[in-house]
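In this chain, numbering begins with 1 at the start of the sequence shown.
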Amino acid sequence: MEYNIVVGCGFSGAVIANLIADKLNQKVIIIDKKNHIAGNSYDYRDKNNIMIHKYGSHIFHTNNEKVWSFLKRFSDFNNYIHKVDVVIDGKKVQIPFNFNTLYQLFSETTAKKIKEKLLEKYNYGAKIPILEFQKQNDEDLKFLAKYVYEKIFLNYTIKQWELKPNEIDKTITSRVPLCLDNDNRYFQDKYQGIPINGYTNLIEKIINHPNIKVVLNSDYKNFKKQNSELIKNSRIFYTGSIDEFFDYEYGMLPYRSLKFEFEEHNKEFYQSCACINYPNDFSFTRIHEFKYYLGDKSNKTMIAKEYPQKFKFEENERYYPIINEENIKLYNKYLKKAENFKNIYFLGRLGDYKYYNMDLAVLRAIELFEAIKFNVI
Ligand code: FAD
Ligand code: UDP
């Protein structure tokens, strides 16, 4: 019998485990150092029966048919559409910045003039990353570019990354482009929603297979010590951080972390939508209110204020890889080393050191499964 050890029970680990167990009829042991499944997507119902996203709001969205049809086998999704507000000079407006935001912030005359100039230069519906949008010749568009950069992106990015927008990988700020339309959705993907019984339940369904065994509270290092023979004869799918796997031989891969401060409020709603961003005020970046995601009914509500932090080893969680040339070089050194190890595969946000959304973590697991020649053990 061939064995497969999957390290980590987030989306990446759960999906690869399911495919191996189901399509190859092989045994899989999933270990996770946390005391729960579902990794960063973990959610639970609190005493008010509100579904809380422990590691920050998670909204599923994808354009990928393969990912969508895979996940739909395990759970239905509701039709929640994520909308986010941003507070600028005390006023709550729409983000991504679109024509509605323009009219919310400026007088009718100014907004109309700027809209016309935007549509002379770009097509209706264009999505323009903020850094690209800085390149303007027209005075009014220059004004708008500076305004959006300074009021929405500059201070939020400094809080989040301790870097200015032009000092981080441009794909990151491009996640929230200026949208030359009136579409108030934060994500424009074809499929979006929240699994109707939550993410933990969805992951539970994915790993619910007679060939899969899950061991929680189990760090790979300890598991390996106690099961050295098993490890030698198994394939390893590692969704933890690749530098940790190699004992930080070349140094530590940097990450950003977060701290969530949860507050219960004795009212039905705390704010007008699930997420409000505060680029310029406070030291947190945003406030999440969880009951919006599944439409939970309670006369109380739970919110979380999100405070960005440096990742500190063994003090907090790795949340965001810090993508830059130097860190990619370091990651590639580990990847190169990994090539010498037969039957060890790295995947996931930490294993690949990539800013994956959930759908891309799922896709990566599916594609890795499809790429592996499974007769190599
Ligand atoms: P993880 O979920 O991090 O799972 C990795 C697992 O491996 C963890 O459970 C960890 O405990 C375990 N592990 C690590 N090392 C070891 C070890 N040595 N031994 C044993 N176990 C180990 N995506 C979206 O699509 N929509 C969103 O709205 C969204 N919001 C996000 C908000 C925040 C604040 C963050 C940080 C991410 C968000 N994401 C979102 C991304 C999403 O969380 C990831 O795409 C997803 O969690 C990736 O799954 P994964 O399995 O690769 O990693
Ligand atoms: N961003 C910003 N202001 C905002 C929202 C986003 O400056 O109000 C920038 C910031 O650099 C952030 C990036 O855009 O890290 C991506 O935002 P997203 O909402 O996708 O972040 P995530 O939900 O992944 O933390």
Within the 3.5 Å criterion, strictly below it, is a donor on [X] or [Y] matched to an acceptor on the partner's side chain?
{"X": "N25", "Y": "N211", "value": "yes"}
{"X": "T110", "Y": "S107", "value": "yes"}
{"X": "R235", "Y": "N4", "value": "yes"}
{"X": "T301", "Y": "E268", "value": "no"}
{"X": "N324", "Y": "D169", "value": "no"}

Aromatic centroids of [Y] and [X] separated by under 6.0 Å:
{"X": "Y319", "Y": "F311", "answer": "no"}
{"X": "Y191", "Y": "F77", "answer": "no"}
{"X": "F313", "Y": "Y248", "answer": "yes"}
{"X": "F346", "Y": "Y353", "answer": "no"}
{"X": "Y55", "Y": "H53", "answer": "no"}
{"X": "Y320", "Y": "Y355", "answer": "yes"}
{"X": "Y156", "Y": "Y278", "answer": "no"}
{"X": "F237", "Y": "F369", "answer": "no"}

Take atom [atom1] in [X]; do more than 12 heavy atoms of anything else shown fall under 6.0 Å from it?
{"X": "K113", "atom1": "NZ", "value": "no"}
{"X": "E326", "atom1": "CD", "value": "no"}
{"X": "K146", "atom1": "NZ", "value": "no"}
{"X": "N137", "atom1": "CG", "value": "no"}
{"X": "K23", "atom1": "NZ", "value": "no"}
{"X": "K72", "atom1": "NZ", "value": "yes"}

- prompt: Would you call the rings of Y307 and F284 parallel, tilted or perpendicular, where under 30° means parallel and over 60° means perpendicular?
  reply: perpendicular
query: Is there a side-chain contact (heavy atoms from CB on, under 4.5 Å) between Q136 and L144 once you walk through the steps?
result: CA-CA 9 Å; Q136 303 294 344; L144 182 69; over 6 Å; no
Mind checking whether [X] and [Y] have side chains closer than 4.5 Å, heavy atoms only?
{"X": "V67", "Y": "F60", "result": "yes"}
{"X": "L253", "Y": "Y331", "result": "yes"}
{"X": "I30", "Y": "I207", "result": "yes"}

- request: In plain terms, say whether K337 and E249 are close enough for a salt bridge, that is, a side-chain N and a carboxylate O under 4.0 Å apart.
  value: yes
